Amino acid sequence: MSTVPTPLRMVEVSGVEALWLLEGSTLGRLVYTQREASVIRPGRHTWEYGRLVARAPVQAAAVPLTVTYQVDEVRVATGTGWTVTVAGPAEVITDPNEAAHFRRTLTGWTYGPHDTIVRIHPQSVCGFRLTRGTAS
């Protein structure tokens with residue numbers, strides 16, 4: 001006898017819970033538009049003083065004034081987990097001491113001109129839990 005799998009649902013979470021989920025993770029994706037195309041780069045991040053600091057393999061000159069950062073943790077076997085997206089103004093961290101601190105704290109993928117530390121000032125935060133269950 002086969003069983004019908006329980007459908008997946010996306011349940012919106014509060015901004016506070018979304019930030020809590022974000023703070024508990026370290027990997028995400030920096031998303032922005034360049035020459036009318038979406039660019040997605042892997043990133044490592046930390047939450048510090050109400051700002052998201054991300055290290056990503058992107059040239060500093062390519063970072064636009066506003067970016068999106070997306071984080072998720074999805075269990076492959078069940079399809080459950082969560083996803084969080086933040087968006088807002090971004091600034092490249094150019095102070096040598098501050099940049100050195102984050103290079104020690106956040107492991108990078110590349111070094112040199114494609115190794116950039118970005119501070120994001122979140123203006124929007126949205127998150128969803130991916131759960132199994134019936135629609136309410």
Side-chain angles (χ1 to χ4, degrees):
M1 179 187 324
S2 68
T3 60
V4 176
T6 308
L8 281 174
R9 295 186 319 141
M10 284 183 60
V11 179
E12 190 168 5
V13 299
S14 71
V16 171
E17 183 176 355
L19 289 176
W20 179 77
L21 291 166
L22 179 90
E23 286 182 67
S25 67
T26 58
L27 296 172
R29 287 164 285 288
L30 184 68
V31 182
Y32 58 94
T33 302
Q34 184 179 34
R35 286 183 244 134
E36 299 182 28
S38 295
V39 177
I40 302 169
R41 297 288 182 257
R44 294 203 189 267
H45 65 271
T46 187
W47 186 259
E48 197 169 89
Y49 305 112
R51 305 290 185 256
L52 183 69
V53 177
R55 182 178 184 178
V58 59
Q59 287 187 335
V63 177
L65 296 176
T66 301
V67 299
T68 299
Y69 195 81
Q70 196 275 330
V71 179
D72 59 44
E73 288 186 16
V74 179
R75 292 166 205 85
V76 175
T78 62
T80 59
W82 55 267
T83 180
V84 172
T85 304
V86 299
E91 62 180 298
V92 174
I93 294 176
T94 57
D95 176 76
N97 293 324
E98 189 176 12
H101 162 73
F102 287 115
R103 285 196 172 87
R104 284 189 302 272
T105 307
L106 302 169
T107 308
W109 281 272
T110 61
Y111 298 93
H114 285 87
D115 183 32
T116 301
I117 311 290
V118 178
R119 180 179 292 112
I120 303 166
H121 302 261
Q123 289 183 337
S124 69
V125 177
C126 71
F128 294 89
R129 285 203 180 267
L130 308 170
T131 64
R132 294 246 176 228
T134 56
S136 30

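Heavy-atom basis, side chains included; hydrogens, waters and symmetry copies ignored. Predicted model, so just to flag it, every value in this text is computed and none were measured.
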With hydrophobic residues grouped by side-chain heavy-atom distances under 4.5 Å, do [X] and [Y] end up in a single group?
X: L30; Y: V53; value: no
X: V84; Y: W20; value: yes
X: F102; Y: L52; value: no
X: V39; Y: V92; value: yes
X: V71; Y: W47; value: yes

How close do [X] and [Y] get, heavy atom to heavy atom, and via which atoms?
X: A87; Y: T68; answer: CB-OG1, 3.8 Å
X: P122; Y: G50; answer: CD-O, 3.9 Å
X: V125; Y: A18; answer: CG1-CB, 3.7 Å
X: P57; Y: P42; answer: CD-O, 3.0 Å
X: P89; Y: Q123; answer: CD-CD, 3.5 Å
X: G79; Y: L130; answer: O-CB, 3.7 Å

Nearest-0.5 Å distance, [atom1] of residue [X] to [atom2] of residue [Y]:
X: W82; Y: M10; atom1: CH2; atom2: CE; answer: 13.0 Å
X: I93; Y: H101; atom1: CD1; atom2: NE2; answer: 8.5 Å
X: T116; Y: R103; atom1: OG1; atom2: CZ; answer: 7.0 Å
X: E73; Y: L21; atom1: CD; atom2: CG; answer: 8.0 Å
X: L8; Y: R132; atom1: CG; atom2: CZ; answer: 4.0 Å
X: L27; Y: D72; atom1: CG; atom2: CG; answer: 10.0 Å

**OP:** Quickly, which of V63, D115, V67 forms a side chain to side chain contact (heavy atoms under 4.5 Å, CB included) with V58? Name it, please.
**Re:**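 Only one of V63, D115, V67 forms a side chain to side chain contact (heavy atoms under 4.5 Å, CB included) with V58, namely V63.
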Original post:
Backbone N or O of I40 within a donor-acceptor pair of the R29 side chain at under 3.5 Å?
Top reply: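 Judged by distance alone, no pair lies under 3.5 Å.
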Original post:
Side chain of H45, backbone of L22: donor and acceptor closer than 3.5 Å?
Top reply: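 Pair found, side chain donor or acceptor close to backbone of L22.
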**OP:** Kindly indicate whether the side chain of T107, heavy atoms from C-beta on, has any atom under 4.5 Å from the side chain of T26.
**Re:**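 The answer is no, as the side chains (C-beta and beyond) never meet within the 4.5 Å cut-off.
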Subject >> pair Q34-P64: side-chain heavy atoms closer than 4.5 Å >> reply: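 They are not in side-chain contact.
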